[in-house]
Every structure is written in C-alpha cells, then in structure tokens.
Peer 1: 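Input: one structure, supplied below.
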Amino acid sequence: MTTERYNPRDAEPRWQRYWTENRCFEAREDLSKPKYYVLEMFPYPSGRIHMGHVRNYTMGDVIARFRRACGYNVLHPMGWDAFGMPAENAAIERGVHPKSWTYDNIAAMRGQLKSMGLALDWSREITTCDPAYYRHEQEMFIDFLAADLVERKVSTVNWDPVDNTVLANEQVIDGRGWRSGALVENRELAQWFLKITDYSEELLAALDRLDRWPEKVRLMQRNWIGRSEGMRFSFALEDEAGRILGERLAVYTTRYDTIFGASFCAISTDHELAKRQAERNPALDAFRREVAALGTSEETIERAEKKGYPLGLYARHPFREKVRLPVYAANFVLMGYGEGAIFGCPAHDQRDLDFARKYRLQVVPVVAPKGVDAASFAIGDEAYLEKEGDETVLINSDFLDGLSVPAAKEEIARRMEAMKIGERRVNYRLRDWGVSRQRYWGCPIPVIHCTSCGIVPVPKKDLPVTLPDDVTFDKPGNPLDHHPIWKHVKCPTCGGPARRETDTFDTFVDSSWYYARFCSPASARPVDAAAAAYWMPVDKYIGGVEHAILHLLYSRFYARAMMRTHHLDIDEPFASLFTQGMVVHETFQSASGEWVLPVDAVQKDGHWVHAKTGEPLTVGGIEKMSKSKRNVVDPEAIIERYGADTARWFMLSDTPPERDIEWTEAGVDGAWRFIQRLWRLVNEAVREGSPGEPAGVAGAALELRRAAHRALDAVTGDLMNLRFNRSIARINELGNALSAALQAADRSEPMRRSIREAAEMLVLMSAPMMPHLAEECWRQLGHAKPVVDTAWPKPDAALVADDCVTIAVQVNGKRRDEVRLAKGLGKEAVEALALKLDSVARALDGRPVRKVIVVPDRIINIVG
RNA sequence: GCGGGCGUGGCGGAACGGUAGACGCAACGGACUUAAAAUCCGUUGGGAGAAAUCCCGUGGGGGUUCGAGUCCCUCCGCCCGCACCA
C-alpha cells in the first residue's frame, strides 16, 4: 500500500486561509483566562524577509501556539518599524517616494510572513509611519515636555557626515556611525533630548528584578549605565606668580585616597577654562583643534599619545600648602564625563603615568602592598594597581599613612566635606538621549519656534503634525527644511509668524512604545488603560542580542516616562527576554574575489564550482548571513520548494535557540524527510491503528504508550523552557518507537490502540512547530475539530513514571555493570544484589568492601 | 586594558555532581529494485581482542569528592560586549 507524499504547496495555503477566515488568532481581553503576550522584535520593512526573521518569528510562533493550546489567552501581534533612512536612500537613488517604497515593502513582506503560517493577530497590525500611530507619539512627547522629561540644549553632538544627521551616543560604534560606518564628527547643535539620565539609578536598580532576562544583557546595560562612586571636589587655582584666582577647578575622582600622589591636573580641551584661554592663546586654540580632529575611534585612541598643553595655571593641593599642581588641557580627558577635569596620580593610573613620564612630572606611590618598605617602593613603566585580594596600605600620605584604601577614602571625604571643598558623588556614564534627526522620513517633532514666545508645543487639537508628501531629495540636507511652505506656520500662542521644527524623531522613539500600542491598536489615546492593564507586560520578548542596549534600554526608559505622564501603568515592559542566535552560512568566493550566492555554488567531484560558469570557488568562513558576503538563502525560495513547515522545523532542530545556527542544504533535506516520515507514520497508523481508549494494555503495547506519554511529558517541559532542539529530539524518539511498532508483527487490539494514541500525540506535540502538517495529519486521523482548537494533551503520570529502573553498578567510581530493579527498592536490598554480581567480584579482585554508596534508583558505588 | 561567555565523536549537539556521546546530520554495510531515487534494517569516540571483556577518552595541568563534562585553582585557545569613564 502506498501513501501519497505530503504536499505542502496544497496544504499550507489551505490552512492559512482557514486560520484567517476563522479569525483563530485574533485576541480579545478575557479575564476568565490567563493572558500570555508573546512578541518578537518587529521588522524594518526592507523589502524581503531574511532567515533571521524566519528564525525569530518561528520561535515566537511556537511559543504562541503552545501557550494557546495550554489554555492561555495569547496576544501575538505584528507590525512595522517603518521610518528610517533606507527609505530616503531609495528616494535619492531611485527616485521613488519613501512612503510608497515603504508601503510596497510592507505589502511584500506581509505576504511572506503570511506564507510562514504564523499565528499572528493581523487585526492589530501597526505601522510606525502611519499618522494614526505617530500622532500618539507626538501627543506623548508634548506630555513629556510638560512633565520635564525633555530638554533642548546646544551640545556637541555626533554628526554623521554621510547620513547628514546626528547620532545618539549609543549609535556610535568605534567612532563610526552605526548605519553608514562613516567617521563621526563633532558638531555644536541645538537638539532635543529625552532625560533618560533622570532614571540612571532606577534603570540600573531595576535590572536586579529582571530575573528572566539573560544575565549577559543585564550586564551590558549595567556597564552602559556605568555607575561609579567617587568625589567631586575643587582646587584653588593660582597663576604663575602665585596669585590666587577667583575661580576654583572642580574635578571628579573615584580614587580620592590617592590625593597625596597627585602631580598634575588635566582638563578636557572642551572645558570652559580651556575654551576661554584659547581665545587669547593661538597655540592652545591650535591644540584644541588638533584634539577635536582626531576623533574618538578605536584606532586613534590606541595610537594617540597622551598629550597636554600647560595652561600656566596651578592647582593648590588641599592638604599640602606648598604643593602646586600644574594644570594642562589634555587630549585624554572627556568633557562628557564627571567634571571634564581630573587630578592625575601617575603612580596608580597607567594613563596618568604615561602623561607624567612624557612631561617629566613627579611619580609618587601612595598605595603599596602591606609590608613593603615605603622608601624603596618605586614605580617603573607600569602603574601599581591593586588586585582583588591584595592587602595594601597608604604610604607617603601624611595623615593617611598606614590606613587601608577604604579607611583613607573615608578620612579624605570627611576632611574635604568639613572644608566644604567637595562631596561624595555618584556618577553615571549614561548620557541623555538625543532624539533629533535632520531627516525627512521620521515622525515630526511637534513643536513650533516662535521669535517672541520661544518654543511652543503644537496644541493637541492640531495633531498629528503630518509629513508633507511633496518633497524633493535633489539636494543634501533635510527635505523638510527645504520645503517651500511646510515649516512656515503661525505661532499657536501669539499668532505671529513662526517656524515649525523640521527635525524628526530618532526611529528608536517609534520602537520604544510599540509593544504598548499593540494592546489597543485603534485606541484614540496612545494606550488604552484597561487593555494595557490586561496585556502588559510582554511575557516573552524575542529578538537579537544586538538590541541589548539601544532598543531595550530606551524601551525601559520610555515605559517609565509613559508612567510619569499617565499613559502606562508599568515600568518594565518586558518580563522575560530571549535573545536568539544568528543564522550563519558558509561563504563562497570566485577566483576574482567576488562573493557567490549559495544557490550558485555546487559541488562537483569534491570541489565547489559556480553552477552557471563552472568556475572553481573557494569556501570561506561560516559567517552571519549578509548582503555584503552574499551568503544568504532566500526564505521565499525555501518555502516555495519545501514549504514553511520544513523551514520552521529546520530552524528549531539541532541547534539551541540562543546559539548561532548554520543553514545547510543537508539540514533542510533532513527536515523535509522528517515531514514526509511523519506523514507516512500517521497514515500507516490510521490503517493499522484502532481508535479507542487504550486502557488495560500490557507488554509491547504498554511500552509504546509509555514512550508516548513520556515524550509528551518531556516535550511539554522543553517547550515551556524554549528548548526546541530537545523537544524535537524527543519527537524523533517517539517517531522511532511508533515506526518500530508498525514494523513489528503485533496487531493485537491493545497494540492497535497504542499505535493510534502514539500517532495522535506525535501530531499534537509537533503542531506548534509545524502547524500545517499537523492539521493535515489530524484530519487524516479522523478529527473534525482542527488542531488549532484542540487542547494540549496531558501526560498520564502513571505512564510517565517507571516501576522499573536501571541502576548503574560502579566499583571505585567506574561503571562495571547495571541491574534492572523495581523502583524504590531499599538500599540494603540493592547492596545485597550488587555484591552478588560476578562483575563486581571480578572488579574487586579480592579486595574487601570498605564502603558502599547507594543513590536510590540511580546508582550504587562499591568502594574496595 | 576592563567585563562576560564558551571549549564534548567527522559535524550540529544531549547529559538534577551519579551509566558521557540522547536525537539529528554525514559515512559505511545490508534489504527492496533491472537500476536509481525514496524507504526500511544495521554499524559508527579511540585502542587491544575471535569473543566475553579490558584500557584510554569531554582543550592542558592540578585539586575537592565514594564519584567531576558538570564544582574550585591555574594555564591555553576561541567568541562577544565596553573601552582614554578619572
């Protein structure tokens, strides 16, 4: 008897239609059920989905379908992070309008996502470039303004000369723009900032509560926030002649215990003092320019020598009357951190030491290992930094001599505070979030600049401020600024002529609250309180680790800002976060060095050649799929050829979800074969099996039942913990057991019932992962009600538990035998049995038994 | 430089401190077939042996333990994040 092969091309669209027509995945608030909100990071509509999307959305879909089957009221929405520069680049390069480019891409990608058979609630689809979405963003911004969460300030910003826009600190990687890769320049601009630093402590402290986030991500955020405990204090300044100046120099340090080792002060070239001096000192001005030109990229920092320019000023040591520290403007002091000024202690800071050696400044050690003679303790080329566990004492430090570092800190802090020249202070590395972008394709910032009234928020009744469609991209700069009329408005307050803000929001603003909008995508308010109270927080958020800082930190801040402005009632938006690994693939290169697509690479006589030209290819490293290396496989082609279930199954098999997965042809074939195998097994089970309650079975029939219930038990636990690869291994095992039963001769009624039961369980268990095939199989098994409406089965505890166990028998820690015994047998009985074994006697080789360790139902170890 | 993670067969990977290598891929042998594909059955960490069985084995070295892939110390290698942060 033959069974036709399973044909996904017929089955998949059919079931997708069924789910859509029956609105299976449209979520409604229902207080009678526990809710579960599963969300994958929404895509940028670049035009086509890539394998990273397939992996991300498959995982989310398995969770959504599994939770739904388990009785949860599941919210699983999808939307588009639709503002951003690729749309403008397309406009510049190809003359298409960013809007039509974006919406065409969305249409194409929506179709691709639908072909994956995802259990998404498409009725909640949101698009960030839709005024229906961004009007709420504008409304909230106005509320943020009123709540003092926004600041407009002129500051030195990171300017990307290629994208012609400002970048946030988080968007500068190794001194280069995160998108363009261009070396970032410093520019002075008036910008809008969201005051994320108001929440530094809060964002840091709350990380401890996020116990269902990866430790790695929490650590990265902790480091990014960069809390340090130190002191801010000031020096009296004097000039060359020793005349005291009216102003003091404030510095920040975490090592105030080393004050007696100070030999100079250094200020940033952007420090007010340096700027002022530069006005009448051309040499200093030249030095400032030189430093500014160097940039902040990794290479330049590595190579750059520590350089300083003496200002002719001296800082008086607070505890030693005669000591005067020369003040330099230095290239290694950052204006953005602390006070933009430091005191240098060369003995205990490598950077300060390099500087001191160059300018022949004193190097006085003030901390030394305990017991070392203070007079002979000298510093060579390396600063002395205490390591953890080192016992150290202060030396050469007057009243601090002999104290430990913490005690010295305490003493200095006490004295400085008494002298009223400084105080202990907590400092953060985190900077405020600059959100202004000089671009067209973003959400307009809803403010108006009026010459007489200053900054005036757009009245809420005038929202949304929509983007004009008639813009041109023929000259550099911001099209909104070039637009003939758009920016010219009347001041809402005085009615006089005014100018509309032409900057738009950083697109990370759009993605900082979309998770909340999904709760009530059509609400007239940004977020409907009742809906958010029901759905929030997101129970499982899935995406790439590349968003560990940017998006996830901004979202955590945004939820707090929305809370302050009464738009949301929750501070942590994502209760549990999962960061999935990348999809990687081999790279192929032709002799001329061109990258070759995997579809064009074929193996011939053990060598890789180009499928069309026959040209030999070299196989390169296995790397993240990327357009530049062309090592991409198009999901659409895979779905076309094998169906969505094959792609989904492959994505979940073998590799744990947090690790990088290598896409291989062999792996896809393997997934395809399994799908056909399951289809065959189910069809055979329909013929050979017998429906009915498989009660009272024994022997082989009972063993098959046990295998089924055990597999179900394991898969349930594994899916709960996102261990997809393990659950697939379990499903394979049950498939093997069912296959063996079908090969065997036993066709007793109990066996026929067990076969049927095993087949049904196999189908239900694999349904979250390959939903289309499961529906087909389920119908084949005679069920009128689809899998999508079928509850997750419950394993029978009696069948999961074993009444017999295999106990390993060890002698001196080495396995020598195993015995199969009734479960729960007492220690003495196990010991007596084991000691009678030939293998044990042989291994003991006549030695007397000294000790016996019995771990019930697991192992016995005989020590001889 | 600072911080973190990871090293297990030919490969992806399993393994509450308790039988290392589940499951899959690849490879090899066999069945079916005129043949191939598909499918099914079997073998597959290394070494010795006809076999029973024994020895070795989770990056290297050391330690704790009746027992270590798992815990501790140390070295080596790879990967990731941050980086002139005072």
Peer 1: Let me know the distance between CG of A:L207 and C1' of B:G81, rounded to the nearest Å.
Peer 2: 15 Å
Peer 1: Base, sugar-phosphate, or nothing: which does A:E733 touch, judged by heavy atoms less than 4.0 Å apart?
Peer 2: sugar-phosphate
Peer 1: Atom NE2 of A:H547 and atom P of B:C80: how far apart are they, to the nearest Å?
Peer 2: 18 Å
Peer 1: Taking pairing as Watson-Crick or G-U wobble with both contacts under 3.5 Å, can you name the mate of B:U70, or confirm there isn't one?
Peer 2: none
Peer 1: Using only heavy-atom distances, determine whether the side chains of A:N812 and A:R850 contain a donor-acceptor pair under 3.5 Å.
Peer 2: no
Peer 1: Would you kindly say whether A:D432 and A:T197 are connected by a side-chain donor-acceptor distance under 3.5 Å?
Peer 2: yes
Peer 1: Counting any heavy atom closer than 4.0 Å, what does A:R850 reach on the DNA or RNA strands: base, sugar-phosphate only, or nothing?
Peer 2: nothing
Peer 1: Within the structure shown, what part of the strands sits under 4.0 Å from A:S653 by heavy-atom distance: base, sugar-phosphate, or nothing?
Peer 2: nothing
Peer 1: Scan A:R816 against the nucleic acid and name what it touches under 4.0 Å (heavy atoms): base, sugar-phosphate only, or nothing.
Peer 2: sugar-phosphate
Peer 1: Looking at the side chain of A:R858, which of B:C80, B:G18, B:C66 is the nearest nucleotide?
Peer 2: B:G18
Peer 1: Can you tell me which nucleotide in B:A14, B:G81, B:C40 comes closest to the side chain of A:R726?
Peer 2: B:A14
Peer 1: Among B:G13, B:G81, B:A83, which is the nearest nucleotide to the side chain of A:P656?
Peer 2: B:G13
Peer 1: Identify whether any heavy atom of A:R723 sits under 4.0 Å from a base atom; if not, whether one sits that close to sugar-phosphate; answer base, sugar-phosphate or nothing.
Peer 2: sugar-phosphate
Peer 1: NA contact type, A:R659, heavy-atom cut-off 4.0 Å: base, sugar-phosphate, or nothing?
Peer 2: sugar-phosphate
